[in-house]
Amino acid sequence: MTRPPNFLYIMTDQHRADWLGCAGHQVVKTPNIDALAARGTRFTDFHAASPVCMPNRAAFMTGRHPTTNGLRFNGAVLPRTARTFVDVLRAGGYRTASIGKSHLQPMTAQQPHDWQDPQDAALREAWAPARHDHALEEPSRYGSATRYEVPTPYYGFDSVDMVTSHGHNCGGNYLQWLREKHADWQDLRDPAQQLPHDYTCPQAIRTRVPEDSYPTAYIRDRAVAYLSDNAASEAPLFTYVSFPDPHHPFTPPGKYWDMYDPDAFDLPARFEDHRNPPPPLSECHRAMLAGEAPEKATTAMMLGDREIREAMALSAGMITMIDDAVGELVATLQRTGQLDNTVIVFNADHGDYLGEYNLLLKGPWMSETISRVPMIWCDPAGPAGQRDDLASTVDLAPTVLERAGLAPYVGMQGRSLMSGQQRDALLVEFNDNLPKMGFDAPARLRTAITKDWRLTLYKDQAWGELYDRRADPLARCNLWNDPGHAQVRSDMMEVLARQLMALMDESPRARRPA
């Protein structure tokens, strides 16, 4: 009987699809990731099911869209009762491990917004609470000197090394390790004691955390140790290695801080390049001219060219540090004799505006810079090359299961990328948890994408967006109100409606007489 393949699944956070050498980026250096693309298949039109951290990670784990799987916006929790594809792998004989960022639960002990404690608090929400303690990622769990062991199985994982938050501020098991390694760990991470620099970009912090103690290095070393220790495992391995970078704050350590010159980067499109900017874009421009800072560090903002170039240079340093870590992971597989039977996948949870119309970060204005992400499938059994067909995060779970020789569960909404069946369209959801970018209430938007068109509908808004993906790849002209494209808009609204209809949960199956 042929042994099922091992899997090494590498995920980055807030990483645009075009920010890899193999994707044509002219500045950022990613030779190790490029080598995976050269040996495997790179998907050029792969989109997040939601361009937000937690909803898309839940879509990855379940093969189900956020509307269906229960984790619809940041700050929510993937229900304890939600099935994951890792559950199926584990039941099928795989040894499963998560090393790094999980983010299927909020990294806080705070209660939901406007939480009150009514007499029947258990009946306050439409979904019943989880029946079991699910080892929340809240900081207090990692407060002691003794390493906190996440109870397993954790969403299907037998082994968990938890890293929470972003940049040099990461928590979880990493912070417990950092406190033990460095008595002055608080000083190392204190922005007031950062190394001197002349960058003016918001959230640019020249950290004093040494390279070998930075979260990327911690995750790399833990993953190398795990792969080495389990090289002789009789059970096949599914090892999920999730890096919190290049998500802001911009804190590349050591040599990665000034590895790139901001002047080497070009802005893809400035605000004035958009012929008819939609309200969120115009609001960000107004706020920039008025000197208004965002209320939260996670809120998208519009900045001047120099600040954007600085953010680009620092993001590139963080990406190259990850690329170096990828090289070490692949070298470990080679050294331990696992490379020839390991499927290596490289992916990201969502993108970043990163200069698109002078915007930085992500938010409730739909752009392919935040929805389109890197996706490389490097399989020793092949094939190799490039695929330009549409694909979604929800397609990953059934793809891994098919390659492992295991059946998906009822209710998966993705389709295996190995099946040869191509999508005519896909859906991207965005659900915010607070009002941002000029919206009066938390934004709700749905986007339908085909090879030719992209349409976005905003809840309770009279305006929308329609772009010609082939003729206008930078999305500089919104055709929503263009009379000459009224039929296209109507056709795409039907495409969107059909995508929304497909969100119905097919689980549990109906019970019928035999």
Side-chain angles (χ1 to χ4, degrees), residues 9-12 15-26 28 30 33-51 56 59-60 63 65 268-269 319 343-352 354 356 366-379 381-400 402-403 413-428 447-456 465-476 479 488 491-492 495-496 498-499 502:
Y9 202 107
I10 303 168
M11 183 172 282
T12 54
H15 188 171
R16 280 175 50 150
D18 54 350
W19 272 64
L20 293 173
C22 58
H25 202 284
Q26 298 299 304
V28 65
T30 54
I33 300 169
D34 298 348
L36 294 178
R39 299 203 318 268
T41 302
R42 185 173 73 86
F43 291 78
T44 66
D45 210 357
F46 189 98
H47 293 259
S50 174
N56 196 63
F60 161 62
H65 282 277
I319 291 169
V343 177
I344 305 174
V345 187
F346 183 86
N347 186 217
D349 61 354
H350 58 81
D352 190 303
L354 202 54
E356 186 79 356
M366 183 51 62
S367 164
E368 292 191 29
T369 59
I370 62 172
S371 73
R372 201 163 64 85
V373 293
M375 170 57 190
I376 298 168
W377 179 276
C378 185
D379 192 327
Q386 180 172 295
R387 281 181 55 175
D388 301 324
D389 50 308
L390 290 168
S392 167
T393 296
V394 294
D395 299 330
L396 293 168
T399 303
V400 171
E402 181 175 348
R403 184 64 178 89
Q413 296 169 323
R415 61 182 64 178
S416 171
L417 299 173
M418 300 180 66
S419 67
Q421 185 180 11
Q422 297 189 4
R423 287 179 169 275
D424 296 324
L426 57 77
L427 173 72
V428 180
T447 297
I449 299 176
T450 67
K451 292 302 293 183
D452 295 319
W453 301 98
R454 171 164 59 89
L455 177 140
T456 301
E465 293 183 274
L466 174 67
Y467 295 97
D468 186 331
R469 298 187 73 214
R470 296 190 188 274
D472 184 18
L474 292 180
R476 296 185 177 190
L479 301 171
V488 174
D491 293 344
M492 286 299 295
V495 170
L496 177 60
R498 293 186 182 279
Q499 293 290 313

>> My understanding is that only one of L427, T456, L455 makes a side chain to side chain contact (heavy atoms under 4.5 Å, CB included) with T447; could you say which?
In response: T456
> Nearest heavy-atom pair of L390 and A425: which atoms, and what distance?
Replying inline: CD1-CA, 3.9 Å
> Going by heavy atoms in the side chains, are L20 and F346 under 4.5 Å from each other?
Replying inline: yes
>> Does Q386, at its CD atom, have more than 12 non-hydrogen atoms belonging to other residues, nucleotides or ligands within less than 6.0 Å?
In response: yes
> By side chain to side chain donor-acceptor pair (under 3.5 Å), which residues pair with E465, not counting sequence neighbours?
Replying inline: W365, Y458, Y467
>> According to salt bridge (charged side-chain N to carboxylate O under 4.0 Å, His left out), who are the partners of R16, at least two apart in sequence or on a separate chain?
In response: D18
>> Can you list everything that forms a side-chain contact (heavy atoms from CB on, under 4.5 Å) with Q422? Sequence neighbours excluded, please.
In response: D389
> Partners of D491 by side-chain contact (heavy atoms from CB on, under 4.5 Å), sequence neighbours excluded?
Replying inline: Q487
Enumerate, atom names and distances included, each donor-acceptor pair closer than 3.5 Å involving a side-chain atom of residues 370-377, sequence neighbours excluded.
{"from": "S371", "atom 1": "OG", "to": "H47", "atom 2": "ND1", "distance (Å)": "3.0"}
{"from": "R372", "atom 1": "NH1", "to": "T44", "atom 2": "O", "distance (Å)": "2.7"}
{"from": "W377", "atom 1": "NE1", "to": "D379", "atom 2": "OD2", "distance (Å)": "3.3"}

>> Going by side-chain contact (heavy atoms from CB on, under 4.5 Å), name the residues that satisfy it together with A502, two or more places apart in sequence or in a different chain.
In response: none
> What do the steps show when you test L479 against V488 for side chain to side chain contact (heavy atoms under 4.5 Å, CB included), and what is the final call?
Replying inline: CA-CA 9 Å; L479 301 171; V488 174; over 6 Å; no
> With sequence neighbours left out, what residues match E368 under salt bridge (charged side-chain N to carboxylate O under 4.0 Å, His left out)?
Replying inline: R454, R469
> After noting the C-alpha distance and the side-chain angles of T369 and L354, does the key distance pass the side chain to side chain contact (heavy atoms under 4.5 Å, CB included) rule?
Replying inline: CA-CA 8 Å; T369 59; L354 202 54; over 6 Å; no
> Are the side chain of R476 and the backbone of A269 linked by a donor-acceptor contact shorter than 3.5 Å?
Replying inline: no
> Are N56 and H350 close enough, and set up right, to give a side chain to side chain contact (heavy atoms under 4.5 Å, CB included), and what steps lead you there?
Replying inline: CA-CA 8 Å; N56 196 63; H350 58 81; 5.6 Å; no
> Can you name the side chain to side chain donor-acceptor pair (under 3.5 Å) partners of R498, sequence neighbours left out?
Replying inline: E494
> Which heavy-atom pair separates D45 from K451 by the least distance, and what is that distance?
Replying inline: OD2-NZ, 2.8 Å
> What salt bridge (charged side-chain N to carboxylate O under 4.0 Å, His left out) pairs are there with at least one residue in residues 413-427, not counting sequence neighbours?
Replying inline: D395-R423
> By side chain to side chain donor-acceptor pair (under 3.5 Å), which residues pair with S50, not counting sequence neighbours?
Replying inline: none
> Does the side chain of Q413 come within less than 4.5 Å of S392's, by heavy atoms?
Replying inline: no
>> The criterion is ring-ring contact (aromatic ring centres under 6.0 Å, His included); which residues satisfy it with F46, sequence neighbours excluded?
In response: none
> Excluding sequence neighbours, so at least two apart, what forms side chain to side chain donor-acceptor pair (under 3.5 Å) with D472?
Replying inline: none
